[in-house]
Enquirer: 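Questions regarding the structure given below will be posed in turn.
Treat the numbers as computed from the prediction; the structure is a model and nothing was measured. Here is the naming used below: chain letters follow the sequence lines, and residue numbers restart at 1 for every chain.
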Amino acid sequence: MEENELLKKRKEKIEALRAEGIDLYPNNVNVKNTTEEILSRFSDADHDQLVQIEERFSIAGRIMAIRNFGKAAFISLQDRKGRLQGYIHKQIVGEEAYQLFKKLDVGDIVMTEGKVFRTKTGELTIEADRLRLLSKAIRPLPEKWHGLTDIETRYRQRHLDLIVNPRVKEVFQKRSRIIQLMRRFMEDRDFLEVETPMMQPRAGGAVARPFKTYHHALGMDLYLRIAPELYLKRLVTGGMERVYEINRNFRNEGISSFHNPEFTMMEFYQAYATYEDLMSLTESLFTFIAQNLLGQLTFSYQDRQIDLTPPWRRVTVKDAIIQTCRIDPDILENAARAIAYARSLHLDVNDQEPLGKVIMAIFEETAEAGLVQPTFVTHYPVEVSPLSRRNAVNPSLTDRFELYICGKEIANAFSELNDPVDQRDRFLMQLKDREAGDEEAHGMDEDYITALEYAMPPTAGEGIGIDRLVMLLTDSASIRDVILFPHMRIKDEGGN
RNA sequence: GGGCCCUUAGCUCAGCAGGUAGAGCAACUGACUCUUAAUCAGUAGGUUGUCGGUUCGAUCCCGACAGGGCUCACCA
């Protein structure tokens, strides 16, 4: 990176401090308090009450602002909990510390110790009788008023974004809380958290293009997983009747405001349950999270009011289309008529397209965007559900649902196909799709079928897109706002 | 990958029928003992994303490239 005047001056300043024998990066720090502790403890105390308090406090954090008056100054100190004002007075902190203070910059990390008081304007303030430099900043922070708004810099230098934009930290605190609540919910229902391979010899369990890598010692190709599904179901077969995994999936697809190449899913399996049981479980899980996170079941997402109060609407794929398009239901029962209708919507479908795929294309084009309030869409066609159990009444459909909120798919669940013979047929169907040019069709997985041949209990499983759920609950417009380090192209010329 | 748009000082932004750039904050010097976007006086800071073209002359017009945003496609 080029040396601009700003950096040059700052480095000179730092060398001067070093020359004075000041340790710019000490590590023996004993911080007793946080800004939040002090602020909440004395929120109601007035000036006279604070004068009585002899106790000294210590906080450490980053200097976010300095307001200097010659012999005294105010600093704004930011720690992980928030900000507290510090008062640095020459006579109180001492000559030596005050000389050091005059050489500090916004962005430096310091520790202050002292009593608390209230200023004339009523702000709770720590009156430093000690001040230590803990870490010296060489680069200046972005501007204090407008902050850092350049989206590219915010994602590429997330540390800066976090320092300057408090809302960003709140989003990631909420994300952590949501995942914590999920774990508690699953634990309460006796689910066991497990970890299954991220690198797999076959990328199965979903329909997507995988990332490929190579293992030198084994001399074999490996794929980053697109889903943990087949491994988790092996565990259910093994007697782990309730398992869940919260981890990353990798899909080599386009990037958008709702898609990141690596994204986080909670996937779970419950033996002796059906997809209908999972609908109730999902309602309970989401209301549990919302209640604990927001204190209520309603929230607004990008100016739309969402209400999570159960029961949520349940509608079949076909009914969702029929209600949206007001068409003759028979159109969706006949491949030729369905294809003709799809083409009238300007959808690109070929003459050999199976009915189920045509129906899904129509659904996605017409009904999906209108599913704003939480909705379970059920009865997906068997052609697009290679791992789902067939519906007992109509075997061309599956016992499957996807959860939609704000027109986006948030979860996907089904009663699992545990008949190894049918599973083999489904894989063979997928292989035909692959031969027909569908690169994302599911591959044959003999090991998985062998596992099923040992008998997997009747089971239902579900995957929940955690990034998208966090987006909803934090009102974030882009998935990049809920992923700390979203994927970006590398920039050739170093630095910013 | 396609379409549209964006890239000017550390940050946030101006600018110009084409005549090589301004402000605020940050920085630097000085003043100041209750400020909170502190204030006041002064100083300095730019290969206008990169490369090429047109032109006497390009930050501005044209092209390519790079990075980013929105969007469509693929997908969750």
Enquirer: Go through the structure and list residues passing ring pair (Phe, Tyr, Trp, His ring centres under 6.0 Å) with A/Y301, not counting sequence neighbours.
Expert: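 Ring pair (Phe, Tyr, Trp, His ring centres under 6.0 Å) check on A/Y301 returns nothing, list empty.
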Enquirer: Please enumerate all residues that pass side-chain hydrogen bond (donor to acceptor under 3.5 Å, both in side chains) together with A/H159, with sequence neighbours excluded.
Expert: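 Applying side-chain hydrogen bond (donor to acceptor under 3.5 Å, both in side chains) to A/H159 gives A/Q157.
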Enquirer: Please list, chain by chain and in numerical order, all residues satisfying side-chain hydrogen bond (donor to acceptor under 3.5 Å, both in side chains) with A/Q270, sequence neighbours excluded.
Expert: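 Testing A/Q270 for side-chain hydrogen bond (donor to acceptor under 3.5 Å, both in side chains), a comparison that skips the adjacent residues, returns none.
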Enquirer: Name the atoms and distances for all side-chain donor-acceptor pairs under 3.5 Å in residues 354-367 of chain A, with sequence neighbours left out.
Expert:
unit_1	atom_1	unit_2	atom_2	d
A/K357	NZ	A/D433	OD2	3.0
A/T366	OG1	A/I362	O	2.7

Enquirer: Name every residue in residues 400-407 of chain A that has at least one heavy atom under 4.0 Å from any atom of RNA chain B, in order of residue number, or write none if there are no such residues.
Expert: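 Residues of residues 400-407 of chain A that come under 4.0 Å of RNA chain B do not exist, since none gets that close.
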Enquirer: Going by the rule side-chain hydrogen bond (donor to acceptor under 3.5 Å, both in side chains), which residues pair with A/Q302 if we only count those two or more places apart in sequence or in a different chain?
Expert: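 Residues passing side-chain hydrogen bond (donor to acceptor under 3.5 Å, both in side chains) with A/Q302: A/D475.
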Enquirer: Taking side-chain hydrogen bond (donor to acceptor under 3.5 Å, both in side chains) as the test, write out the residues that go with A/K71, two or more places apart.
Expert: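 A/K71 satisfies side-chain hydrogen bond (donor to acceptor under 3.5 Å, both in side chains) with no other residue.
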Enquirer: Anything under 3.5 Å between a protein N or O and an N or O of nucleotides 27-30 of chain B, put it in a table, one pair a line.
Expert:
unit_1	atom_1	unit_2	atom_2	d
B/C28	OP1	A/K13	NZ	2.9

Enquirer: With Watson-Crick and G-U wobble geometry limited to distances under 3.5 Å, how should the secondary structure of RNA chain B be encoded in dot-bracket form, using | for bases paired to another strand and [ ] for crossing pairs?
Expert: (((((((..((((.....[..)))).(((((.......))))).....(((((..]....))))))))))))....
Enquirer: Under the rule for ring pair (Phe, Tyr, Trp, His ring centres under 6.0 Å), what residues qualify as partners of A/Y231, not counting sequence neighbours?
Expert: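 Checked A/Y231 against ring pair (Phe, Tyr, Trp, His ring centres under 6.0 Å); zero matches.
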Enquirer: Looking at residues 351-379 of chain A, who's got a heavy atom less than 4.0 Å off RNA chain B?
Expert: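 Of all residues in residues 351-379 of chain A, none places a heavy atom under 4.0 Å from RNA chain B.
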Enquirer: Return each pair, listed once, that meets ring pair (Phe, Tyr, Trp, His ring centres under 6.0 Å) where at least one residue sits in residues 44-66 of chain A; pairs must be two or more places apart or across chains.
Expert: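 As it turns out, the ring pair (Phe, Tyr, Trp, His ring centres under 6.0 Å) pairs with a partner in residues 44-66 of chain A, which skip direct neighbours, are A/F42-A/F57.
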